[in-house]
Amino acid sequence: MVEFTEREDRVSLELSEEIIQSMEPGAVFRDYSFCYPQNCRISSIDFHKTSTCMVTASDDDSIRLYDVASATCLKTINSKKYGVDLVCFTSHPTTVIYSSRNGWDDSLRLLSLHDNKYLRYFKGHHDRVVSLSLCSGGECFISGSLDRTVLLWDQRVEKCQGLLRVQGRPAAAYDDQGLVFAIAFGGYIRMFDARMYEKGPFEIFSVGGDLSEANVVKFSNDGRLMLLTTMDGFIHVLDSFRGTLLSTFSVKPVAAESTLDATFSPEGMFVVSGSGDGSTHAWGVRSGKQVHSWMGIGSEPPVIKWAPGSPMFVTGSSELAFVIPDLSKLPAYAIRK
């Protein structure tokens with residue numbers, strides 16, 4: 001189930017193009033590939049910010065909890081009744097919020113992984129939830145749905161605290177401080193003050209004429225950058241203060257039912273993205289150039305998440321891969337050895 005390469009040496013590595021180019025899967029979980037009646041796909045990955053926990057959601061209606069430090073699966077929880085699509089940690093490493101994927105119930109659920117109990121239901125959407133983002137260190141979260149609404153929530157209350165209507169498939173995300181959130185659709189990113197969202201966006205940023213459906217929008221850890229992926233296979237990187245379009249990267253477009261995912265490295269110098277052909281690509285934000293690429297598994301675009309404060313990202317499709325530097329390829333480290 002798990003294959004290891006050289007991982008036992010934990011060193012503090014400042015990311016560079018050389019290190020990105022050395023990265024290879026260090027642990028691979030293939031048990032997702034044998035789901036009856038067909039291969040299932042990982043639909044969401046999230047890391048807890050202050051622990052070594054990681055969680056995945058997949059098409060076999062399961063949520064799986066991992067210990068990243070040991071690359072082991074700690075627990076599998078099934079959600080056969082509701083299905084599971086997107087999943088995010090709360091501030092607690094044993095509590096998650098997840099969206100349904102059964103076609104008849106579009107509620108969100110607050111679930112205790114410790115004892116597999118639902119703590120709260122959040123009802124308000126009337127179609128599949130395609131975007132979910134939690135406010136770091138707070139109780140608020142935001143969700144966007146194919147019903148063309150974005151709802152604002154407080155984990156302590158079942159009823160939504162705010163509703164915004166959009167004219168397309170929305171992608172929504174909080175910045176790391178939870179002071180601002182972004183909603184992308186129709187070729188633009190709209191910036192909202194989280195405390196005064198009802199006044200409308202305080203800024204509207206264009207993404208260079210790309211009017212295809214928004215897939216995901218994300219902030220860098222320091223909040224200075226944003227990325228937006230779209231169905232036509234573009235990854236746009238913007239200055240989140242000025243709205244300046246810094247770079248646009250291009251990959252194979254994704255199918256209508258798929259999502260093009262991407263993630264910033266911890267310091268925001270690199271973007272790693274999926275592609276419609278299942279491959280994975282790394283790009284330099286400053287140079288605008290592709291740094292490296294990895295062959296995919298099948299034709300589905302992988303979901304991707306960079307581990308907080310670590311030289312590692314994780315990809316998920318029909319397999320789950322922990323991608324880490326191969327230290328034997330780094331001359332400076334080899335000399336130290």
- Test log, rule side chain to side chain contact (heavy atoms under 4.5 Å, CB included), inputs I97 and Q155: CA-CA 9 Å; I97 294 172; Q155 294 177 38; 3.9 Å; yes

- Item | Stepwise side chain to side chain contact (heavy atoms under 4.5 Å, CB included) test for F47 and V314 | CA-CA 10 Å; F47 290 93; V314 175; 3.5 Å; yes

- Please report the C-alpha distance between T56 and M54 in whole Å, then the side-chain angles of each, then the deciding distance to 0.1 Å, and finally whether the side chain to side chain contact (heavy atoms under 4.5 Å, CB included) criterion is met. CA-CA 7 Å; T56 67; M54 185 190 81; 3.9 Å; yes

- Task: Decide side chain to side chain contact (heavy atoms under 4.5 Å, CB included) for L119 and T95; before the verdict, give the C-alpha distance in whole Å, the side-chain angles of both, and the deciding distance to 0.1 Å.
- Result: CA-CA 9 Å; L119 306 178; T95 310; 4.1 Å; yes

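For the 3.5 Å distance criterion, the side chains of H125 and T149 qualify, holding a donor opposite an acceptor. Between H236 and T248, the side chains place a donor N or O and an acceptor N or O closer than 3.5 Å (distance only, hydrogens not considered). S328 and D326 form a side-chain donor-acceptor contact under 3.5 Å, judged by distance and modelled atom types alone. T230 and D232 form no side-chain donor-acceptor contact under 3.5 Å, judged by distance and modelled atom types alone. For the residue pair W153 and S143, a side-chain donor N or O sits within less than 3.5 Å of a side-chain acceptor on the partner.
Within the 3.5 Å criterion, the main-chain N or O of T94 finds no donor-acceptor partner in the side chain of H92. Formation of a donor-acceptor pair under 3.5 Å by the K159 side chain with backbone atoms of G124 is not found in this model. Checking side-chain atoms of S112 against main-chain N and O of K117 turns up no donor-acceptor pair under 3.5 Å. The backbone N or O of V285 lies less than 3.5 Å from a partner atom in the side chain of S247, making a donor-acceptor pair. Under the 3.5 Å distance criterion, the side-chain polar atoms of K75 are matched with a main-chain donor or acceptor of L113. In this structure a side-chain-to-backbone donor-acceptor pair under 3.5 Å is present from N102 to K81.
In this structure, CG in L238 is found 5.0 Å from CE in M226, a value given to the nearest 0.5 Å. Between the OG atom of S145 and the CG atom of L151 there is a distance of 7.5 Å, given to the nearest 0.5 Å. Going from atom OG of S318 over to atom CD1 of I42 covers 8.0 Å, rounded to the nearest 0.5 Å. Atom OG of S99 and atom CZ of R128 lie 7.5 Å apart (nearest 0.5 Å). In this structure, CG on L327 lies 7.0 Å from OG on S22, to the nearest 0.5 angstrom. If you take CG on N215 and CG on L227, they are separated by 11.5 Å, rounding to the nearest 0.5 Å.
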Cut-off 3.5 Å, no hydrogens considered: what does the side-chain donor-acceptor table look like for residues 171-186, sequence neighbours left out?
residue: D175; atom: OD1; partner: G178; partner atom: N; Å: 2.9
residue: D175; atom: OD1; partner: L179; partner atom: N; Å: 3.0
residue: D175; atom: OD1; partner: V180; partner atom: N; Å: 3.2

Under 3.5 Å, which donor-acceptor pairs do the side chains of residues 259-269 form with other protein atoms, sequence neighbours left out?
residue: T259; atom: OG1; partner: R169; partner atom: NH2; Å: 3.2
residue: D261; atom: OD1; partner: K218; partner atom: NZ; Å: 3.0
residue: D261; atom: OD2; partner: I304; partner atom: N; Å: 3.0
residue: T263; atom: OG1; partner: W306; partner atom: N; Å: 3.3
residue: S265; atom: OG; partner: E267; partner atom: OE2; Å: 2.6
residue: S265; atom: OG; partner: M269; partner atom: N; Å: 3.4
residue: S265; atom: OG; partner: F270; partner atom: N; Å: 3.1
residue: S265; atom: OG; partner: F270; partner atom: O; Å: 3.4
residue: E267; atom: OE2; partner: M269; partner atom: N; Å: 2.9

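Think of F241 as one node in a network of Ile, Leu, Val, Met, Phe, Trp and Tyr side chains linked at under 4.5 Å; it has no links at all.
Remark: D67 engages no residue in a salt bridge (Lys or Arg N to Asp or Glu O under 4.0 Å) (not counting sequence neighbours). Considering only residues two or more places apart in sequence or on other chains, R242 meets the salt bridge (Lys or Arg N to Asp or Glu O under 4.0 Å) condition with D239. Here R156 pairs with D154 under the salt bridge (Lys or Arg N to Asp or Glu O under 4.0 Å) rule; sequence neighbours left out. Among residues two or more places apart in sequence or in another chain, the side chain to side chain contact (heavy atoms under 4.5 Å, CB included) test is passed with D277 by K252, S275, S279. In this structure, the salt bridge (Lys or Arg N to Asp or Glu O under 4.0 Å) partners of K329, at least two apart in sequence or on a different chain, are E24.
Counting heavy atoms from C-beta on, the side chains of F313 and T280 come closer than 4.5 Å. The shortest distance between side-chain heavy atoms of S79 and Y118 falls below 4.5 Å. Residues P325 and M23 have side chains in contact (heavy-atom distance under 4.5 Å, counting atoms from C-beta outward).
The heavy-atom pair separating D127 from D147 by the smallest distance is CB-N, 3.5 Å. Counting all heavy atoms, side chain and backbone alike, W283 lies closest to S273 at NE1-OG, 3.4 Å. Of all the heavy atoms in L15 and P311, the pair that sits closest is CD2-CB, 4.4 Å.
For the side chain to side chain donor-acceptor pair (under 3.5 Å) condition, no pair includes a residue of residues 131-140, sequence neighbours left out. For residues 90-107, the set of pairs meeting the salt bridge (charged side-chain N to carboxylate O under 4.0 Å, His left out) definition, not counting sequence neighbours, comprises D59-R101, D85-R101, D105-R109. The side chain to side chain donor-acceptor pair (under 3.5 Å) contacts involving residues 192-204 comprise D193-R195, where partners must be two or more places apart or lie in separate chains. Pairs of residues two or more places apart, or lying in two chains, never qualify as salt bridge (charged side-chain N to carboxylate O under 4.0 Å, His left out) while including a residue from residues 205-216.
Tracing side-chain contacts under 4.5 Å through hydrophobic residues (I, L, V, M, F, W, Y), one never reaches Y98 starting from L110; they form parts of separate clusters. Grouping the Ile, Leu, Val, Met, Phe, Trp and Tyr side chains by contacts below 4.5 angstrom, directly or via other members, places L86 apart from I142. In the hydrophobic clustering of ILVMFWY residues, with side-chain heavy atoms under 4.5 Å counting as a link, L65 and V68 come out apart. Linking Ile, Leu, Val, Met, Phe, Trp and Tyr whenever their side-chain heavy atoms come within less than 4.5 Å leaves L164 and Y188 in two separate clusters. Residues L111 and L108 are members of separate hydrophobic clusters, defined by side-chain heavy-atom contacts under 4.5 angstrom among Ile, Leu, Val, Met, Phe, Trp and Tyr.
Below 30°, between 30° and 60°, or above 60°: for Y121 and Y82 the angle between ring planes is above 60°, a perpendicular geometry.
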